[in-house]
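Let me begin by presenting the structure, written as structure tokens, before commenting on it.
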Amino acid sequence: MKTKDIVYIALFAALTAVLGLFPPITLPITGVPVTAQSLGPMLAGAILGARRGGLSIVLFLVLVALGLPLLSGGRGGFGVMVGVTGGFIFGWAISAFVIGLLIEKFWNRLNVVNAAVSIAFGGIVVLYAIGNAWVAVAADISYWQATVGAAPFLIGDAIKVAIATAACLAVRRSYPLISKSA
Amino acid sequence: MIRFENVSVQFDARRALEDIDLTLSQKRIGIIGANGSGKSTFVRLLNGLQTATSGRVLIDDLDPVKDGRKVRRHVGFVFQNPDNQIVYPVVEEDLAFGLKALKLPKDEINRRIDEILARYDLSDFKTHPSHLLSGGQKQLLAISGVLVMEPRYIVLDEPTTLLDLRNRNRVEHAIADLDQTVITVSHDLDLIAGYDRVLVFENGRIVIDDIPANAISKYREMMA
Amino acid sequence: MIAGLYRDGNSVLHRAQAGAKILAMVALGTGVFLIPDWPVVSLVLVSVIVLYRISGFGWATMTAQIKPMFWLLAIFFAVQLWLNDWQAGLLVITRIAAIVMFASLVTLTTKTSDMLASLERAMRPLKPLGVNPEKVSLAISMVLRFIPVIATVASEIRDAQRARGLDRSILAMIVPLIIRTLKMADDVADAIEARSFD
């Protein structure tokens, strides 16, 4: 791995941490908090590709595990990682990897549609699959029940998919990083 | 001694440097030119950050491309923005970074760090977070990070552009006190006015090569 | 630098090896799932509470660890009460509370630097697989170095966008932020290579 790749990996881990500093927005009616932090894995995968994107989130999680309060709301440490929403946190790394894999596949003909589908698949379908499975085990409920419980969060994630798609396409025009290495 | 033998650099569609052939043996060399004139490409050839498309560069008879590690040990590089050069979150860790790469013993690493911090009045900041330093202190830390490696040549790429006047002057004095050969790229013409030789770049060529007084006045006419 | 969540102290747990505490955490987590029996799990939870006291932490610290998921636990209890019975509900919430509180205790009693040292030790056997501990340490340091830099760049961009009336658009913030920091990353990579790292 080249020095530049290590720097990019560190950069997106840091970016994910900084996104956690933005105050969460509370959605009307449902009262579900939406944090900007989960944009981090989407952007890491969509901009750096599978390997570097996935590793940048792994690196971010290592720092959280070391005891640094980098998750949104100043949380961190093992407690929050093994908690009820732990699956969503660990899932970020896989989510970033899957997004990266799909974006790399579509890279030469990337457009709004396939970019959005890639990010939504990795960032919602894959992430919720892992996160909900974790919740189902922790709460001793069925997978279906966990999925219903997580549904209100989809609104926020749909917004984030839209933002990540637009950002990924804009960055691709001025700073393409995937074609160079993949 | 630095030798450029018919060096050209070609980027995709653009020729960044055109047939540069010269020897640099002076202790203070200034490099000026408009943005995109090739001066950054020129200095990046000195430590292998840039590879020549044709011709070759020799630093004390070593080729920066073939003997990358050896050359980088002897050619220190200070960039415009110290924020991009400081890699570690704590001052002493950052200074230790290059030294650890050289596999020096711990005592020697500590000795060099203490010495350089004392030299630039940064001793009180040894264990401080590097991002809390002022702009001038950051640039001095960046220079320190290069100096602890004890290079023979120091390349500075627009070292004062982001600094206020007081810090610019501190950096100017720091450069003046160096024993090493210094090559400075700068838009700050006063910074290189006291140098031994000044090269002016335009469109990838050296159009003026003279003592500073002559080179700077010709450059001013050129840009008028 | 960013302060860790570690809290100073001199208890048995503070002095214990980071690696040992992590293993204990894994063992406890596995254990409470292997024994789906609420009295046993409650006993484990009580032991964890006792460990907080032994480690010198008061009730405030203890409840702070579990507070963010209080409502979630209440919902889980209610769901179990509705689907099964109160014993099932108690098992679910004591199990989560025991795991989370013990894991938090490991973080509270272990310095970030000790955690890092045991991570480096744990990585050593992975060297043949292509994991380079030096590069991992470099990457970790760089993240800590980048966070304040990116936060500064972000606030600069926010000011610039506010001046143009774009302060409500997160996209107008994030795209320039990424492009500027990628440019920075390229320069940082150059600087690292110039300082003879390879």
Side-chain angles (χ1 to χ4, degrees), chain A residues 1-15 17-19 21-22 36 39 43 47 55-56 59-60 62-63 65-70 73-86 135 137-142 145 149 159 162-164 166-167 170-171 174-175 177, chain C residues 2-6 22 25 29 33 65 68-69 72-73 75-76 79-80 83 88 91-92 95-96 99-101 103-104 106-108 110-112 115-116 119 135 138-140 142-144 146-147 149-151 154 170-171 174-175 177-179 181-186 188-189 192-193 197-198:
Chain A
M1 190 169 283
K2 285 197 241 154
T3 305
K4 198 165 267 187
D5 293 322
I6 300 173
V7 181
Y8 287 152
I9 287 167
L11 179 70
F12 275 78
L15 190 70
V18 172
L19 286 170
L21 299 174
F22 293 120
L39 261 176
L43 293 168
I47 291 167
L55 284 174
S56 74
L59 179 61
F60 172 75
V62 165
L63 283 149
L66 290 176
L68 296 169
L70 302 181
R75 293 167 312 144
F78 288 122
V80 51
M81 299 179 85
V82 303
V84 180
T85 52
V135 171
V137 171
D140 208 0
I141 52 179
S142 74
Q145 287 159 339
I159 298 168
I163 293 169
V171 173
S174 49
Y175 227 104
L177 292 176
Chain C
I2 307 143
L5 296 163
Y6 170 77
I22 293 167
M25 178 178 81
F33 271 99
Q65 309 307 319
M69 55 181 74
L72 217 47
L73 292 184
I75 292 166
F76 288 172
V79 168
Q80 288 300 330
L83 295 173
L91 172 67
V92 164
R95 189 157 61 188
I96 295 170
I99 297 174
V100 169
M101 288 184 68
S104 299
V106 173
T107 297
L108 285 168
T110 315
K111 282 185 191 150
T112 304
M115 209 77 94
L116 188 59
L119 173 72
K135 290 190 176 176
L138 173 70
I140 289 173
M142 259 191 296
V143 179
L144 300 176
F146 282 159
I147 290 170
V149 178
I150 298 175
I170 184 150
L171 202 62
I174 230 153
V175 173
L177 180 65
I178 292 170
I179 290 174
T181 53
L182 280 174
K183 173 97 191 54
M184 172 187 89
D186 286 343
V188 170
I192 292 173
E193 292 200 333
F197 181 85
D198 58 9

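What's counted below: heavy atoms across the whole structure, side chains too, no hydrogens, waters or symmetry copies. Lettering follows sequence order; numbering is per chain, from 1.
Only the side chain of A:Leu39 comes within less than 4.5 Å of a heavy atom in chain C; its backbone stays farther off. For chain C, the nearby part of A:Phe22 is the side chain; its heavy atoms alone come within less than 4.5 Å. Both the backbone and the side chain of C:Ile99 come within less than 4.5 Å of a heavy atom of chain A. Of the two parts of C:Leu116, the backbone and the side chain both hold a non-hydrogen atom closer than 4.5 Å to a non-hydrogen atom of chain A. Only the side chain of C:Ile22 has a heavy atom closer than 4.5 Å to any heavy atom of chain A. Proximity to chain C is limited to the side chain of A:Val62, based on heavy atoms less than 4.5 angstrom apart. With a 4.5 Å cut-off on non-hydrogen atoms, A:Met81 does not touch chain C at all. Only the side chain of C:Met25 comes within less than 4.5 Å of a heavy atom of chain A; its backbone N, CA, C and O stay farther away. Only the side chain of A:Ala17 comes within less than 4.5 Å of a heavy atom of chain C; its backbone N, CA, C and O stay farther away. For C:Ile178, the part lying under 4.5 angstrom from a heavy atom of chain A is the side chain only. Contacts of C:Ile140 with chain A are made by both backbone and side-chain atoms, with heavy-atom separations under 4.5 Å. Only the side chain of A:Leu59 comes within less than 4.5 Å of a heavy atom of chain C; its backbone N, CA, C and O stay farther away. In this structure, no portion of A:Ala162 lies under 4.5 Å from any heavy atom of chain C.
Summarising the geometry of A:Pro69 relative to C:Ala3, their closest heavy-atom pair is CD-O, 3.2 Å, with the distance given to 0.1 Å. A pairwise comparison of heavy atoms in A:Ala10 and C:Ala139 identifies CB-O, 3.8 Å as the closest pair. In terms of heavy atoms, C:Val92 sits closest to A:Ala139 at CG2-O, 3.5 Å. Listed here is the closest heavy atom pair of A:Leu11 and C:Ala185: CD2-CB, 4.0 Å. The minimum heavy-atom distance linking C:Leu171 with A:Ala166 is given by the pair CD2-CB, 3.4 Å.
Looking at C:Leu182 and A:Phe12, their side chains come closer than 4.5 Å, going by heavy atoms from C-beta outward. Side-chain atoms of C:Ile174 and A:Leu19, non-hydrogen and from C-beta on, do get closer than 4.5 Å to each other. In this structure the side chain of A:Thr3 never reaches within 4.5 angstrom of the side chain of C:Lys135, judged on heavy atoms. C:Phe146 has its side chain out of reach of A:Val18: every pair of non-hydrogen atoms, C-beta onward, lies at least 4.5 Å apart. Between A:Tyr8 and C:Asp186 there is a side-chain heavy-atom pair separated by less than 4.5 Å. A heavy-atom distance below 4.5 Å is not found between the side chains of C:Ile192 and A:Lys4. Residues A:Asp140 and C:Val79 form no side-chain contact, since every pair of their non-hydrogen atoms from C-beta on lies 4.5 Å or further apart.
Going from atom CG of C:Leu144 over to atom CG of A:Leu70 covers 7.5 Å, rounded to the nearest 0.5 Å.
Each of C:Val175, C:Ile147, C:Leu177 has some count of heavy-atom pairs under 4.5 Å with chain A, and the biggest count is that of C:Ile147. Ranked by heavy-atom pairs shorter than 4.5 Å toward chain C, the options A:Gly74, A:Ala36, A:Ala138, A:Gly83 are led by A:Ala138. With chain C as partner, the option from A:Gly149, A:Ser174, A:Gly67 having the largest number of non-hydrogen pairs under 4.5 angstrom is A:Gly67. Taking chain C as the reference chain and counting heavy-atom pairs below 4.5 Å, the highest number among A:Val80, A:Ile9, A:Val137, A:Leu21 is found for A:Val137.
Remark: C:Lys111 engages no residue in a salt bridge (Lys or Arg N to Asp or Glu O under 4.0 Å) (not counting sequence neighbours).
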